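Notes for the one structure printed next.
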Amino acid sequence: MSIKAPQEGSHPKSRFYYGWVIVLLTFATLLVSAGIRSLPSILLIPFQDEFGWSRGGISSVISIGIFLYGLVGPFSAALLLRFGIRKVVITTLKRFTRLPKYEDAG
């Protein structure tokens, strides 16, 4: 009887592919971010009723936000490519945690 040693580099074939986890997480992230970006349009009438703002004023602010979001994209991509994701995210989080906290005095 001969016993064969397992060959180096050969792993048992697994049916679970880790790439699908990444695809699922990416899909969920895009779905949530699209929902958050469209949330102001759902709340347009409640904002109008509660605060007395005009529909045009609310839509203008939303439009400016979307425009700035698209305008900043290439610059943030350049920062990520130059310095790396980890450094940019850590620096951004440190900067935003040092912002002054505005609390309601009333």
Side-chain angles (χ1 to χ4, degrees):
M1 211 188 268
S2 67
I3 299 176
K4 293 183 179 181
Q7 296 176 354
E8 188 176 328
S10 67
H11 299 286
K13 193 73 170 173
S14 173
R15 293 186 173 257
F16 182 73
Y17 180 61
Y18 184 70
W20 289 113
V21 173
I22 302 300
V23 169
L24 183 67
L25 287 174
T26 303
F27 175 75
T29 302
L30 289 173
L31 190 67
V32 169
S33 66
I36 290 172
R37 283 307 283 168
S38 66
L39 190 64
S41 64
I42 295 170
L43 298 174
L44 190 67
I45 294 174
F47 283 160
Q48 193 175 5
D49 293 340
E50 182 70 26
F51 300 111
W53 298 338
S54 69
R55 189 172 290 186
I58 298 169
S59 298
S60 298
V61 171
I62 294 169
S63 298
I64 291 170
I66 292 172
F67 174 74
L68 290 175
Y69 184 72
L71 185 69
V72 169
F75 298 107
S76 61
L79 283 174
L80 290 171
L81 286 174
R82 182 170 182 176
F83 299 111
I85 293 173
R86 184 175 294 166
K87 285 183 181 179
V88 172
V89 169
I90 290 173
T91 304
T92 304
L93 288 174
K94 284 181 180 179
R95 179 164 172 85
F96 280 119
T97 55
R98 287 192 303 222
L99 288 177
K101 307 288 189 263
Y102 295 103
E103 296 180 12
D104 189 16

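The structure displayed is predicted, hence computed values, not measured ones.
I62 and F51 fall within a single hydrophobic cluster, where Ile, Leu, Val, Met, Phe, Trp and Tyr side chains are chained together by heavy-atom contacts under 4.5 Å. Residues L79 and V89 share a hydrophobic cluster, clusters being chains of Ile/Leu/Val/Met/Phe/Trp/Tyr side chains in contact below 4.5 Å. Under a hydrophobic clustering in which Ile, Leu, Val, Met, Phe, Trp and Tyr are joined whenever their side-chain heavy atoms come within less than 4.5 Å, directly or via other members, L93 and V88 fall into the same cluster. A chain of hydrophobic side-chain contacts below 4.5 Å, direct or via other Ile, Leu, Val, Met, Phe, Trp or Tyr residues, connects F16 to I22. Cluster annotation: I42 and V61 are assigned to distinct hydrophobic clusters (Ile/Leu/Val/Met/Phe/Trp/Tyr, side-chain heavy-atom contacts under 4.5 Å, transitive).
How far CG of L24 is from OG1 of T29: 9.0 Å, rounded to the nearest 0.5 Å. From L71, atom CG reaches atom CD1 of I64 across 12.5 Å, with rounding to the nearest 0.5 Å.
Other residues, nucleotides and ligands contribute more than 12 heavy atoms inside 6.0 Å of the CZ atom of R37. Enclosure of atom CD1 in I85 is not indicated, since only 12 or fewer non-hydrogen atoms of other residues, nucleotides or ligands lie within 6.0 angstrom.
Using cut-offs of 30° and 60° for the angle between ring planes, the W20 and Y17 rings count as perpendicular.
Residues S59 and L44 have side chains in contact (heavy-atom distance under 4.5 Å, counting atoms from C-beta outward).
Counting only distance, with no hydrogens or angles, the side chain of S33 and the backbone of L30 share a donor-acceptor pair below 3.5 Å.
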